[in-house]
Amino acid sequence: GRRGPSAALPSAALGTGRTGPSAALGTGRTGPSAALPSATLETGRTSPALDDPQAEQHRLFESLVLLFAALSEQAPLLLVLEDAHWADSGTLFLLRHLARQMQRARVMIVATYRQVELDAARPLHEVLLDLQRERLATRLRLPRLDREQTRELLAVLLDEEITPEYLAGIYAETEGNPFFIEEVCKALVGSGRQYFQDGRWHRPSMEELGIPQSVRVAIQSRLNVLPAEAQETLRLAAILGREFEFDILAEASDQDEEVLIEALEDAERALLIEEVSAEAGGTFALVHGLIASTLIESTRTLQRRQLHRRAAAAIEARRPGDSSRLEALAYHYSEAGEGEEAVDYLLQAGDQARVLYAHREAIDHYQQALHYLQEQAARSDDPERDLGRAARTLMKLGLTYHNAFEFTAARQAYEEGFALWQRAGEAEPAVPLPPAPHALRMKSTLLGKILDPTMCDAPSFSAVMQLFSGLLE
């Protein structure tokens with residue numbers, strides 16, 4: 001039940017006299033341990049106990065220096081301290097002492113830590129400053145895995161060749177974060193969606209991927225350390241999108257600008273967001289897509305709709321007439337449950353995409369608008385209006401399919417459009433038209449002087465026949 005730096009050390013260093021790996025450190029031992037004082041290695045110490053805790057700690061540290069130096073004389077020695085941000089001060093002071101005293105020994109010390117924990121782990125922060133100031137350490141920042149490295153990790157985890165589709169799905173979801181990659185794979189296996197049978201892995205469709213609970217907990221734990229104002233700001237930022245602009249965030253938020261700035265600084269220190277541009281007040285981005293997903297999914301439905309409504313209003317206020325925002329406005333109004341506004345922006349976005357020959361995007365926008373219009377017509381007091389708009393949308397959809405050389409889909413859209421036109425006409429109440437005050441009058445040079453059909457010239461014959469048929473007077 002030891003605590004502090006000695007808790008993580010082998011019993012050989014503490015002289016417990018156990019059998020096994022530490023047995024070579026007893027009396028009459030040979031090898032590297034022979035150089036160590038017996039008082040350091042045996043429970044029955046020859047020297048009196050020291051009452052000074054600092055002196056006792058120093059004696060322990062020096063004993064470990066002797067032990068590791070002796071071991072390094074036989075072979076190069078690697079010492080690894082994982083998750084150093086959780087280490088107590090005693091362990092970290094030992095790390096610093098070893099780095100100072102073993103510069104000439106064949107010893108490499110590797111300590112891993114999370115940058116995000118540095119503010120909370122003040123002892124580690126102080127030790128790192130000392131090591132860097134004395135040039136005793138080299139800091140290596142570990143980036144995310146690229147696509148090829150992700151494939152290699154998956155191949156090791158699953159022990160088989162990775163298909164391009166599976167790699168693309170995992171990489172899109174995890175963005176190369178090793179922890180997320182492992183957790184997503186474990187979640188797929190644990191849920192039974194990915195299973196091993198007949199000597200190979202059977203994998204699910206990439207559309208079935210979700211955020212594992214372990215990943216949600218890890219992300220949520222990082223969010224929970226932030227002040228409430230910062231968490232609220234990040235929820236609104238996630239609604240705006242993974243990348244968001246400060247002026248639009250400020251317009252949508254009900255917090256003061258100073259509070260917003262402080263909240264973003266807190267999130268940036270926690271490595272949850274990063275600044276990607278300093279233009280126009282600044283543009284920020286959430287560092288991982290799963291952070292945005294976790295923030296959105298942790299927001300209540302009614303609150304989420306309200307935030308989408310505020311986001312749309314902010315974009316309209318700060319970016320009026322900006323055609324590049326049509327799709328975003330359609331999305332926010334759609335998520336806010338504002339079907340009428342969503343349809344308007346969906347149709348505008350579809351028209352814009354069609355003009356730019358982005359046929360697939362135009363088709364998607366028109367289909368979404370059509371879905372809303374048909375729903376509105378079913379419960380509208382003015383169904384002919386919504387049916388007419390739906391029919392016109394189908395005509396645009398048919399034209400877009402035609403331009404994309406999808407002729408079967410184009411013909412189907414046209415037929416559905418004509419059917420809706422007919423329904424719109426039936427839904428519109430029939431109003432009899434008043435009679436015309438007089439016949440249509442127009443000047444004609446077709447009639448000649450002779451009105452006898454048997455004697456008139458050829459140019460006049462058609463007009464003469466219409467005259468005798470009562471079509472002209």
[Y] backbone acceptor or donor facing [X] side chain under 3.5 Å:
| X | Y | result |
| --- | --- | --- |
| Q367 | D364 | no |
| W201 | L158 | yes |
| E160 | A155 | no |
| R235 | L295 | no |
| Y345 | A328 | no |

Subject >> Side chains of E361 and H365, donor plus acceptor under 3.5 Å >> reply: no

Original post:
Quick one: do the Q348 and E327 side chains pair a donor with an acceptor below 3.5 Å?
Top reply: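 Q348 vs E327: no donor-acceptor pair found between side chains.
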
Subject >> Passing candidate, side chain to side chain contact (heavy atoms under 4.5 Å, CB included) with I248, options L240, L236, T283 >> reply: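 With I248 as partner, side chain to side chain contact (heavy atoms under 4.5 Å, CB included) holds for just one option, L240.
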
Original post:
How close do S253 and L260 get, heavy atom to heavy atom, and via which atoms?
Top reply: OG-CD2, 3.7 Å

Original post:
Closest approach of A317 and E251, non-hydrogen atoms and distance?
Top reply: CB-OE2, 3.9 Å

Subject >> side-chain hydrogen bond (donor to acceptor under 3.5 Å, both in side chains) evaluation trace for Y366 with R354 >> reply: CA-CA 10 Å; Y366 288 145; R354 179 165 54 87; 3.0 Å; yes

Salt-bridge contact [X]-[Y] (side-chain N to carboxylate O under 4.0 Å):
| X | Y | result |
| --- | --- | --- |
| R200 | D159 | no |
| R325 | E245 | yes |
| E297 | R216 | yes |
| R304 | E335 | no |
| E175 | R144 | yes |
| E340 | R389 | yes |
| R411 | E416 | no |

Subject >> Mutual orientation of the aromatic rings belonging to H308 and Y331 [parallel < 30°, tilted 30-60°, perpendicular > 60°] >> reply: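 Correct class here is perpendicular.
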
**OP:** Would you please classify the geometry between the H202 ring and the Y195 ring as parallel, tilted or perpendicular, with 30° and 60° separating the classes?
**Re:** parallel

**OP:** Start with the C-alpha gap between T174 and N177, add the side-chain angles, then the distance that decides, and say whether side-chain hydrogen bond (donor to acceptor under 3.5 Å, both in side chains) holds.
**Re:** CA-CA 6 Å; T174 64; N177 185 302; over 6 Å; no

Are any non-hydrogen side-chain atoms of [X] and [Y] less than 4.5 angstrom apart?
| X | Y | answer |
| --- | --- | --- |
| Q149 | D146 | yes |
| I239 | I296 | yes |
| F93 | V127 | yes |
| M102 | I109 | no |

**OP:** Applying side-chain hydrogen bond (donor to acceptor under 3.5 Å, both in side chains), run through Q255 and E262 and close with a yes or a no.
**Re:** CA-CA 11 Å; Q255 297 180 6; E262 184 176 354; over 6 Å; no

Original post:
Do Q220 and N224 pass the side-chain hydrogen bond (donor to acceptor under 3.5 Å, both in side chains) test, and can you show the C-alpha distance, the side-chain angles, and the key distance before you say yes or no?
Top reply: CA-CA 6 Å; Q220 196 63 52; N224 288 341; 3.2 Å; yes

**OP:** Could you please spell out the steps behind the side-chain contact (heavy atoms from CB on, under 4.5 Å) verdict for R309 and H332?
**Re:** CA-CA 6 Å; R309 194 175 296 113; H332 288 305; over 6 Å; no

